[in-house]
Amino acid sequence: MTDASDIQSIISTASSLPNFEAKYGTEMVDIIVGPDQTLYRVHKDRLCTRVPYFAELLKKPMTSPDNTEDAQAAQDALPTLSFPQEQPGSFNIFLTWVYESTLPTLKRNKDVTKHRGWNWDPFEAYLLAQHLNLPLLQDLIMEALRSGQTATGMLHSLDTVKTVFPRVNNHSAMQRYLGHSLLKAILSADTSKLEALYPTKEIWKLLDSDSALLMLILRYLRGMEGKAMGEPRFAKGCTYHDHDKSTACPSGKK
């Protein structure tokens, strides 16, 4: 039989638990992602608190129909946003960060044809974070990518450089990482190992077709005489971070 002290203990414990509604709110927003229109129903307060892009977007009043009944139905419906160009897999990773403030560990995928050989695609996730202007999330993704590549020894392919580089922002961490990784492959003495992943002829074709990438590689090469190039995966500090360099690194790196 439960006595008064037990009841008081239960009440005390319950009152100390985090309030779900206070943390996440009760209003929801529907987000439709990708060409197949995958639906995500997300807590509006949590989304807007974590992502200023959505806070600004959801400030704008939704357009209402002229018909009174349709207008009422529209008012009762949840706010709906559409991202037809994004991938649901990347949005899953984004929402994991929104709710949990962390990312899943990047691991090798048994099916090498999916997510560029990973359990989730860090490159597409980075591009989504870039689109939403989330430099801290971009930094987390860069750390996950480099840690995953270090742990597995798996490098991104030349095709990844070809398809991702034109979509990243100029001077971004991912741009530097792709450029440095390609330059490291070009300069590496272990040509037999890297030739399959970075064929010389294909590198030439890529640099011939992408003047921005060619200029970046040439800029990195200037002044390197007599200097050994470090491995980008092992770089210390904030070399591959996007956060404001005038502030302390949120990851604690120096």
Side-chain angles (χ1 to χ4, degrees), residues 85-87 89-90 93 106-131 135 137-242 245:
Q85 304 303 320
E86 302 296 345
Q87 297 183 6
S90 300
I93 297 302
L106 196 62
K107 299 178 182 178
R108 188 189 296 268
N109 198 326
K110 292 181 180 179
D111 186 347
V112 297
T113 65
K114 291 184 177 180
H115 311 307
R116 293 189 169 91
W118 300 104
N119 56 330
W120 54 275
D121 190 332
F123 299 96
E124 292 300 328
Y126 181 93
L127 289 165
L128 174 59
Q130 175 184 270
H131 175 66
L137 177 55
Q138 291 165 226
D139 291 352
L140 283 178
I141 294 168
M142 291 303 303
E143 289 298 306
L145 172 60
R146 296 200 301 132
S147 295
Q149 290 186 328
T150 299
T152 63
M154 192 168 80
L155 303 176
H156 49 269
S157 67
L158 188 63
D159 185 65
T160 293
V161 178
K162 180 180 179 179
T163 56
V164 175
F165 183 86
R167 299 161 63 197
V168 296
N169 289 340
N170 198 26
H171 305 300
S172 66
M174 183 63 82
Q175 185 191 65
R176 290 193 297 277
Y177 190 61
L178 292 173
H180 285 156
S181 298
L182 179 57
L183 181 57
K184 179 64 176 177
I186 293 171
L187 296 176
S188 176
D190 193 358
T191 55
S192 58
K193 177 183 176 181
L194 289 172
E195 182 63 26
L197 192 61
Y198 295 97
T200 302
K201 188 174 182 179
E202 295 305 314
I203 293 176
W204 168 71
K205 287 181 180 178
L206 176 57
L207 295 178
D208 185 54
S209 65
D210 192 329
S211 59
L213 180 57
L214 174 60
M215 183 61 69
L216 189 72
I217 295 297
L218 290 175
R219 194 169 78 237
Y220 290 159
L221 279 170
R222 294 297 295 265
M224 281 191 66
E225 182 180 5
K227 297 179 182 177
M229 182 178 182
E231 169 57 64
R233 290 175 294 169
F234 309 148
K236 305 295 183 182
C238 300
T239 304
Y240 302 113
H241 282 181
D242 286 302
K245 299 305 186 292

Please report the closest heavy-atom contact between [X] and [Y], naming both atoms and the distance.
{"X": "Gln130", "Y": "Asn169", "answer": "OE1-N, 2.8 Å"}
{"X": "Thr152", "Y": "Arg108", "answer": "O-NH2, 3.0 Å"}
{"X": "Pro166", "Y": "Asp210", "answer": "CG-OD2, 4.0 Å"}
{"X": "Leu216", "Y": "Gly179", "answer": "CD2-CA, 4.0 Å"}
{"X": "Leu106", "Y": "Trp120", "answer": "CD1-O, 3.3 Å"}
{"X": "Tyr126", "Y": "Ser172", "answer": "OH-CB, 3.5 Å"}

Taking the side chain as every heavy atom from C-beta outward, state whether Leu182 and Ile186 have any pair of such atoms under 4.5 Å apart. yes
Decide yes or no for Leu197 and Leu158: does some side-chain heavy atom of the first lie under 4.5 Å from some side-chain heavy atom of the second? no
Show me, pair by pair, the donor-acceptor contacts under 3.5 angstrom made by side chains of residues 218-226, not counting sequence neighbours?
none

Expected output: side-chain [X] to main-chain [Y] donor-acceptor under 3.5 Å:
{"X": "Asn109", "Y": "Trp118", "result": "yes"}
{"X": "Glu195", "Y": "Thr200", "result": "yes"}
{"X": "Glu231", "Y": "Arg233", "result": "yes"}
{"X": "Asp242", "Y": "Ala173", "result": "yes"}

Counting only heavy atoms not in Lys110, do more than 12 sit closer than 6.0 Å to its NZ atom? no
Please say whether more than 12 non-hydrogen atoms of neighbouring residues, nucleotides or ligands are located less than 6.0 Å from CD in Gln85. no
Please test Asn170 against Gln175 for side-chain hydrogen bond (donor to acceptor under 3.5 Å, both in side chains), starting from the C-alpha separation and ending with a verdict. CA-CA 7 Å; Asn170 198 26; Gln175 185 191 65; 3.0 Å; yes
Approximate separation, where rounding is to 0.5 Å, of [X] [atom1] and [Y] [atom2]:
{"X": "Leu155", "Y": "Ser157", "atom1": "CG", "atom2": "OG", "answer": "10.0 Å"}
{"X": "Asn119", "Y": "Asp111", "atom1": "CG", "atom2": "CG", "answer": "12.0 Å"}
{"X": "Ile217", "Y": "Leu206", "atom1": "CD1", "atom2": "CG", "answer": "9.0 Å"}
{"X": "Ile141", "Y": "Leu128", "atom1": "CD1", "atom2": "CG", "answer": "7.5 Å"}
{"X": "Leu145", "Y": "Leu140", "atom1": "CG", "atom2": "CG", "answer": "12.5 Å"}

Which residue is it: Glu143, His180, Arg146? I am looking for the one with a side chain to side chain donor-acceptor pair (under 3.5 Å) to Tyr240. His180
In sequence, state the C-alpha distance, the side-chain angles, and the governing distance for Leu213 and Leu207, and then conclude on side-chain contact (heavy atoms from CB on, under 4.5 Å). CA-CA 6 Å; Leu213 180 57; Leu207 295 178; 3.8 Å; yes
Check the pair Val112, Met154 against side-chain contact (heavy atoms from CB on, under 4.5 Å), reporting the backbone distance first and the verdict last. CA-CA 11 Å; Val112 297; Met154 192 168 80; over 6 Å; no
So salt bridge (charged side-chain N to carboxylate O under 4.0 Å, His left out) across residues 161-187, not counting sequence neighbours, yields Glu124-Arg167
Quick one: sort the His156 and Tyr177 rings into parallel, tilted or perpendicular, breaks at 30° and 60°. tilted
